[in-house]
Amino acid sequence: MQARGLGAVLVTHLPDVRYLCGFTGSNAALAVAPRRTALFTDGRYTGQAREETVGARVVIAKKSALGEACAWLSEAGVERVFFEGEHTTVAQLEAMRKAIPASRRRGFFQAAGDPLVSALRQVKDEDEIAHMRAAAALGVRLFEDVLEKIAPGVTEAAIAAELEYAARLAGAEGMSFETIVAAGRRSALPHGRATAARLPRRGFVTLDFGVILNGYCSDMTRTVHLGRATPQEREAYDAVLEAEQTAVNAARAGASCGDVDEAARGVLRDAGLAKHFTHSTGHGVGLEIHEAPRVGAGQKTRLEPGMVVTIEPGVYLPDAFGVRIEDTIVVRRGEAEILTPAPRGWIEL
Ligand code: ZN
Ligand code: ZN
């Protein structure tokens with residue numbers, strides 16, 4: 001049957017492919033035409049694709065999965081194909097165009113104006129939330145266990161290694177991102193990846209890490225202190241904790257992401273620390289560690305039940321210290337569900 005005049009969709013961003021049809025391989029193009037859908041991958045995934053894919057015919061490409069998906073769409077008679085502009089390189093677009101007859105190339109491929117799949121992905125169903133709850137619970141357990149390894153003289157990398165080894169043994173498929181262990185002055189780096197630096201006798205240690213379970217990422221941050229704290233360190237910690245709790249409380253269905261950001265920022269402003277809070281309050285999390293919505297200043301997106309976001313205010317005093325506290329929460333109609341209930345109070349080791 002011809003489907004002239006109708007549009008189709010080409011999905012190539014792997015987390016989007018997985019979300020839509022279940023396939024988890026590393027090479028895929030999902031072609032969605034009116035009334036039929038096909039997943040293109042290569043010979044390495046013949047068995048896996050048939051096993052995992054739901055709702056799409058599996059086609060094993062002889063040469064290029066992307067090229068053959070485009071040829072298939074062209075032959076399906078559709079008038080135009082919307083592709084994921086945010087996730088398509090110039091080279092890929094060139095290959096897509098070359099895969100269809102020259103006479104059809106004009107206007108055939110169009111970058112989708114709005115993100116095609118991320119708007120769907122940002123609201124999780126209860127099955128997805130169950131996966132995320134399990135991933136987050138594992139993260140909490142790992143944090144509690146790694147506390148006893150934190151001591152002056154141990155390297156940041158050793159702490160990260162302990163966390164990651166324990167994560168794997170507990171069934172994690174991997175880490176959500178490069179583990180952050182930032183001690184002493186390095187805690188003032190918001191993204192201080194674990195290095196060979198040794199933990200000092202006194203100072204903060206920030207741990208920010210996540211595990212992947214069933215494809216879903218966890219994300220949490222806790223900041224602990226080695227030795228006696230200065231009053232300034234203690235005040236900063238208390239302010240960040242209050243900012244975090246205030247924002248968690250504000251993160252309810254109907255609130256805008258900007259309102260939630262402002263809830264955290266307002267507390268730090270009152271504490272005279274706003275200029276040291278140099279990033280957004282949080283981000284969506286799911287199949288990817290950073291996804292929609294962004295919980296940042298002025299963001300108009302309204303929170304909906306089922307959105308899973310992080311709340312992670314922090315303050316960073318250059319060459320001195322930094323503090324960040326991060327929870328992952330599920331937006332509900334009333335109070336949010338907290339997926340990462342690890343201790344948030346002052347921990348002195
Ligand atoms: Zn994090
Ligand atoms: Zn985060």
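In this chain, numbering begins with 1 at the start of the sequence shown. Basis for what follows: all heavy atoms, side chains included, without hydrogens, waters or symmetry-related copies. Counting starts at 1 for both ligands and their atoms, in listed order.
At a cut-off of 2.8 Å, measuring from the Zn ion (ligand 1), the protein N, O or S atoms that fall short of it are D208 OD1, D208 OD2, D219 OD1, E326 OE1, waters left aside.
In this model, a donor atom of one side chain and an acceptor atom of the other lie less than 3.5 Å apart for E52 and T24. No donor-acceptor contact under 3.5 angstrom links the side chains of H283 and E288, judged on distance only. Side-chain contact, T340 with D327: a donor N or O sits under 3.5 Å from an acceptor N or O.
Ring-centre distance between F23 and Y45: below the 6.0 Å cut-off.
Put simply, the side chain of Q92 does not reach to within 4.5 Å of the side chain of R97, judged on heavy atoms.
Crowding of R57 atom CZ: a count of heavy atoms from other residues, nucleotides or ligands under 6.0 Å not exceeding 12.
The Zn ion (ligand 2) does not have H290 among its coordinating residues (no N/O/S atom, backbone or side chain, under 2.8 Å).
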